[in-house]
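For reference, the structure discussed in these notes is given below.
Sequence lines set the chain letters: A, B, ... in the order given, protein chains first and strands last, and positions in each chain run from 1.
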Amino acid sequence: MADEKENRYDPAAIEQKWQERWAADPKLYAAEPATSSKPKYYVLEMLPYPSGQLHMGHVRNYAIGDALARQMWMRGYNVLHPMGWDAFGLPAENAALKNHTPPREWTLRNIADMKRQFERLGMGFDWATEVTTCLPDYYRWNQWFFLRMYERGLAYRKKSKVNWCPECATVLANEQVIDGCCWRHEDTKVEQRDLVQWFFRITAYAQELLDDLDKLDGWPEKVRTMQRNWIGRSEGTEVDFFLEEINQGIGNREQGTERQGSGIRDQGSEKQGTGEQGNKGAEKQGPRDQGTRGTAKTRIRVFTTRVDTIFGATSVQLAPEHPLVTEFCAADSALKHQIDGLIEEQRKAREAGDLGAIEKHGIPTGKFAINPYNGQEVPIWVANYVLMEYGTGAIMSVPAHDERDFEFANKYGIEIRRVIKPVEEFEGCETLPFISEDGVLVNSGEYDGMSCAEAQRRLQKAAETGGFGEAKVIFRLKDWGVSRQRYWGTPIPMINCERDGLVAVPDDQLPVLLPEKIEITQQGGSPLARVPEFVNTTCPKCGGPAKRETDTMDTFVDSSWYFYRYTDAKNAKAPFDPAIVKYWFPIDQYIGGVEHAILHLIYSRFWTKVMYDLGLVKNDEPVQRLFTQGMVIKDGAKMSKSKGNVVSPDDMVARYGADSARMYSLFAAPPDRDLDWQEDGVAGVSRFLGRVWRIVTRHSEMARGGAPRSGALDETGGNTNKGTQLLRKLHQTIAKVSLDFEGRWHFNTDVAAIMELVNEMQAADAQFAAGEIPAPVVRELLRSLVLLLAPFAPFLAAELWEELGGEGAVLRASWPKSDPGLAKEDEIEIPVQINGKLVTVVRVAAGADSKAIEVAALANEKVRERVAGKSVAKVIVVPGRAVNLVVK
RNA sequence: GCGGAAGUGGUGAAAUGGCAAACACACCAGCCUUAGGAGCUGGCGCCCAAAAGGCUUGCGGGUUCAAGUCCCGCCUUCCGCACCA
């Protein structure tokens with residue numbers, strides 16, 4: 001009975017043994033240099049934030065990537081499978097506040113803890129290329145890139161309305177605001193504030209980011225759609241409505257423009273600035289200022305996608321924050337009071353996240369504007385459904401052909417004038433608003449009778465000729481605000497000199513080091529501003545006294561290019577060697593959560609395109625194939641502390657071992673679907689691994705001694721029948737698992753297939769024990785089983801590979817090849833249907849042709865009973881699949 | 001409102017248009033035992049006492065010799081976007 005005990009699967013002992021061995025062999029998971037003759041494969045999982053604790057989502061993410069990496073190693077690829085730490089960010093500052101631990105210390109300790117967890121899980125990462133974003137040898141290159149962007153006008157500063165998270169006490173990018181709340185603090189409402197901020201001109205790449213989505217056919221369609229919507233390209237027309245006081249306006253023109261140069265109006269130039277194709281921010285002022293003939297004082301520029309309806313415009317609607325409104329208010333305190341109320345209401349709604357839910361209402365300004373096409377005067381209103389952030393902040397209102405305008409006009413009794421009629425009259429076509437573009441113009445002067453599309457072209461042309469408008473493409477995407485009023489981030493490498501103004505830190509003075517000695521407090525504003533040794537410096541130009549920029553960069557900067565650094569992580573002279581990057585890029589397979597579909601993945605694409613234009617990389621997209629795994633949930637809900645349904649990986653590993661935890665996370669659901677964590681399931685996988693352990697160890701001696709099977713099956717001798725059956729199952733399993741790794745990735749069915757194989761082997765245990773299975777077959781079965789398991793259960797596979805006398809590391813063993821001859825069945829069952837209904841099955845030879853199958857089916861007893869007295873009108877045979885008799 | 005994904009046993013799930021429920025969990029019965037979170041054998045969609053038989057992939061239509069799978073309409077859930085002019 002001591003035997004029994006010895007023969008017990010003991011994951012704790014096995015895993016400890018191999019963890020130690022692997023730790024002592026850092027070369028095991030190291031990539032070969034870019035000169036390697038092997039084909040390269042770059043598999044990457046998104047790097048974690050070092051919170052100090054891995055969660056089940058991580059286990060799943062890295063189990064998927066590690067399985068792929070291991071299989072590619074076994075297939076002889078030069079695999080790059082790196083790992084790093086997204087190590088800047090707010091939690092470190094919060095921890096500092098709470099425990100008086102410096103952020104750096106806290107972060108590095110967490111990294112050490114998580115690294116241990118990774119090693120305990122047996123993840124095959126090459127730690128030699130580890131990237132830690134909070135260390136100066138990494139973030140100095142953030143600064144370096146920032147300067148390259150600044151030189152090209154891609155990094156710029158402006159005052160703007162920003163999203164402010166009171167919890168983080170910092171600014172958030174639009175992408176980081178979710179339902180009006182902070183992406184890190186789901187219950188914290190984001191406020192609006194005015195601040196001078198640094199931006200990256202991602203809008204300069206809007207068209208390219210959109211167009212190149214078409215190339216990313218290895219990405220989930222869902223992610224591509226989300227990015228397309230986020231970029232939000234819209235084709236239309238900008239048209240100037242003339243102001244009544246046109247003559248008064250001209251006198252103030254120059255003054256007016258200048259006064260607004262850096263204020264709210266600058267916002268306008270930002271969103272328009274780079275909307276045009278090909279303009280990659282060479283001009284720091286957007287082209288809009290050139291494009292606008294006249295100023296806000298003489299004209300109101302509106303954007304519309306339906307210029308064909310312009311003869312139906314019965315009012316002009318301005319956003320409450322529109323500069324012209326401010327101007328109107330200056331002379332009219334009653335109006336100002338009303339507008340302030342409107343802005344306040346909107347602000348509240350925005351903070352509550354239900355901007356779309358508030359009722360439409362507006363305020364008449366008492367002023368009028370002139371439609372440039374027909375000279376008609378229309379009233380100017382201020383409406384709460386017009387957004388300053390989109391388009392020009394002003395619209396023409398066409399109630400007859402727009403739902404929102406219709407609702408608004410009805411409420412306030414504004415004229416509704418129909419200008420589009422359907423091409424063909426149909427029931428209900430008289431109902432307004434009529435939104436369709438499938439129509440012809442009426443009540444539109446010389447344009448009457450034209451199709452909507454043609455009218456749009458003609459009207460655009462007329463606007464261009466007349467100098468009161470132009471065709472225009474606008475994007476919803478806005479520039480990326482990167483300033484954060486935080487300590488624990490990359491310092492922005494800029495200096496303000498009293499004499500020279502804004503001066504970039506020269507390359508040779510990088511990195512701008514984050515000061516170590518700092519007291520983290522809860523006061524608002526940039527913590528760095530309270531560190532005189534940091535702030536006070538000398539101007540690189542004149543040597544005079546100057547002050548450093550005290551904001552730090554958004555941490556999404558770090559993650560926008562980290563995967564390039566992995567290829568050349570120790571480079572002290574450059575972010576990376578372009579030649580090495582050229583070998584490894586693009587990333588063959590990137591794996592992570594879908595929650596990064598927009599933020600991280602659009603910033604990364606932008607960064608790559610900038611690097612491409614800088615001549616640093618040859619690839620214009622970073623990622624060839626993207627895989628988004630599902631969430632790990634428990635009891636139907638996302639794991640969270642507040643719900644008390646968190647399962648700790650450490651706990652699972654302690655109870656069942658890393659192999660079981662990993663394999664369960666692959667077995668319980670296909671990787672792209674959400675996974676419901678059921679502990680009984682982990683126990684089940686653990687029992688399965690125990691069966692594998694027993695089968696292999698019980699018969700390993702026989703396998704170890706033997707030579708490889710050579711040639712034909714009848715050489716195997718002994719119980720050829722059983723051996724043949726098992727080999728067939730084996731080779732079928734190899735074929736299935738191998739195929740799945742090619743891209744389908746239904747690892748859950750692969751694990752199931754391996755379980756079937758093991759079940760069949762277990763059923764033949766008596767024959768194994770009796771020595772009826774020839775040694776070469778036993779050897780092949782056991783070795784191949786272990787190899788098949790190696791990507792999923794690396795510890796057990798390593799142990800059993802050694803037990804079987806395998807040469808070298810199992811990771812270096814060749815992935816088994818399926819022999820189609822062995823995998824083939826001799827005889828198969830064919831379902832027989834009568835009139836599409838299953839009646840029975842018949843056994844036929846595997847290669848049987850249609851005729852043979854038909855004969856077999858008609859000869860079947862059950863079939864004859866049912867066909868008796870009727871006639872068989874038709875026989876459909878799908879060889880190898882089914883036979884269907886149409887009987888009348 | 002727009003866009004996307006999904007809906008199959010008690011549960012997680014499987015199924016190139018060709019035997020629905022593989023594999024596992026839970027449960028039931030039995031065996032074994034130095035009683036373990038162990039091992040082995042068998043059962044397990046629903047209806048019917050059982051067999052025979054019938055029914056079954058959210059609902060309703062359709063295409064097809066044949067539909068969980070394709071098409072049309074609807075319902076539900078989840079995700080993303082949302083007054084985007």
Whole angstrom value for the distance that separates P of B:A85 from CZ of A:R233: 13 Å
Aromatic plane relationship, A:F303 with A:Y390 - under 30° parallel, 30 to 60° tilted, over 60° perpendicular: perpendicular
Pair assignment for B:G10, Watson-Crick or G-U wobble, requiring both distances under 3.5 Å: B:C25
Same-atom distance (P) from B:U76 to B:A21, integer angstrom: 32 Å
B:G17, syn or anti by chi within 90 degrees of zero: anti
Under 4.0 angstrom between A:R301 side-chain N/O and B:A85 OP1 or OP2: no
Sugar-phosphate, base or nothing in reach of A:G232, heavy atoms under 4.0 Å: nothing
Sugar-phosphate only, base, or nothing, as touched by A:D405 at under 4.0 Å among non-hydrogen atoms: nothing
Distance test, side-chain N/O of A:K837 to OP1/OP2 of B:C55, below 4.0 Å: yes
Of the listed nucleotides B:A85, B:G12, B:A14, the one nearest the side chain of A:R673: B:A14
From B:G4, B:C19, B:A13, nucleotide with atom closest to A:P670 side chain: B:A13
Watson-Crick or G-U wobble partner of B:C44, both distances under 3.5 Å: none
Sugar-phosphate only, base, or nothing, as touched by A:F667 at under 4.0 Å among non-hydrogen atoms: base
Distance in angstrom units between A:D672 CG and B:C79 C1', rounded: 14 Å
Closest listed nucleotide, where the reference is the side chain of A:R691 and the choices are B:A20, B:A24, B:G4: B:A24
Among B:A13, B:C65, B:A24, the one nearest A:N748 by side-chain distance: B:A13
Sugar-phosphate only, base, or nothing, as touched by A:Q833 at under 4.0 Å among non-hydrogen atoms: base
G-U wobble or Watson-Crick pairing nucleotide for B:U57 (cut-off 3.5 Å, both distances): none
Sugar-phosphate only, base, or nothing, as touched by A:A683 at under 4.0 Å among non-hydrogen atoms: nothing
Distance, P atom - from B:C65 to B:G58, rounded to whole angstrom: 25 Å
Proximity to the side chain of A:Y656 - top-ranked nucleotide from B:C83, B:G37, B:A66: B:G37
Lys/Arg-Asp/Glu bridge criterion (N-O < 4.0 Å) met for A:R233, A:E235: yes
Side chain of A:R881 (C-beta onward), nearest among B:C83, B:U16, B:C81: B:U16
Sugar-phosphate only, base, or nothing, as touched by A:E679 at under 4.0 Å among non-hydrogen atoms: base
Presence of A:N384 side-chain N/O under 4.0 Å of B:C83 phosphate oxygens OP1/OP2: no
A:H361 and A:E345: side chain donor to acceptor below 3.5 Å: yes
Side-chain N or O of A:T749 closer than 4.0 Å to phosphate OP1/OP2 of B:A13: no
Aromatic plane relationship, A:W381 with A:F408 - under 30° parallel, 30 to 60° tilted, over 60° perpendicular: perpendicular
Atom-to-atom span, CG of A:N884 to P of B:G18 - whole angstrom: 13 Å
Rounded distance in Å - CG (A:L666) to P (B:G12): 19 Å
Nucleotide paired to B:A85 in any strand shown, Watson-Crick or G-U, under 3.5 Å: none
Sugar-phosphate, base or nothing in reach of A:R744, heavy atoms under 4.0 Å: sugar-phosphate
Sugar-phosphate only, base, or nothing, as touched by A:Q762 at under 4.0 Å among non-hydrogen atoms: sugar-phosphate
Nearest-Å distance once atom P is located in both B:U63 and B:A50: 39 Å
A:A753 or A:E407, whichever maps to the more 5' nucleotide of RNA chain B: A:A753
Carboxylate-amine/guanidinium contact A:D10 A:R8, below 4.0 Å: no
Exercise: do A:D680 and A:Y664 side chains pair donor with acceptor under 3.5 Å: no
CD on A:E389 to CZ on A:R476, rounded to 0.5 Å: 11.0 Å
Phosphate OP1/OP2 of B:A85: any A:R476 side-chain N/O under 4.0 Å: no
A:N759 side-chain proximity, nearest of B:A85, B:A24, B:C65: B:A24
Base-pairing mate for B:C78 - Watson-Crick or G-U, with both contacts under 3.5 Å: B:G4
Interatomic distance where CG belongs to A:L675 and C1' belongs to B:U11 [whole Å]: 13 Å
Length of the CE-P vector between A:M755 and B:A13, whole Å: 15 Å
Parallel, tilted or perpendicular: ring planes of A:Y373 versus A:F468, cut at 30 and 60 degrees: perpendicular
Separation of the P atoms in B:C70 and B:G7, to the nearest angstrom: 11 Å
Presence of A:N229 side-chain N/O under 4.0 Å of B:G4 phosphate oxygens OP1/OP2: no
A:R687 side-chain N/O to B:C40 phosphate OP1/OP2 under 4.0 Å: no
Whole-Å gap separating P (B:C79) and CG (A:L599): 17 Å
Atom P, compared across B:G73 and B:A24: separation rounded to whole Å: 41 Å
C1' atoms of B:C46 and B:A20, separation to the nearest Å: 14 Å
Which residue lies more 5' along RNA chain B, comparing A:M226 with A:R306 via nearest heavy atoms: A:M226
Between A:E760 and A:Q725: side-chain donor-acceptor atoms closer than 3.5 Å: no
Short side-chain donor-acceptor distance under 3.5 Å, A:N229 and A:Q227: no
Touch class at under 4.0 angstrom, heavy-atom based, for A:D680 against every strand present: sugar-phosphate
Pair partner, B:A66 [Watson-Crick or wobble, under 3.5 Å]: none
Interatomic distance at P, B:U77 relative to B:C31, whole Å: 49 Å
Atom C1', compared across B:G39 and B:C79: separation rounded to whole Å: 45 Å
Watson-Crick or G-U wobble mate for B:C19, both contacts under 3.5 Å: none
Sugar-phosphate, base or nothing in reach of A:R228, heavy atoms under 4.0 Å: nothing
Interatomic distance, A:L601 CG vs B:G80 C1' [rounded to whole Å]: 14 Å
Sugar-phosphate only, base, or nothing, as touched by A:V685 at under 4.0 Å among non-hydrogen atoms: nothing
B:C83 base / A:K360 side chain donor-acceptor hit below 3.5 Å: yes
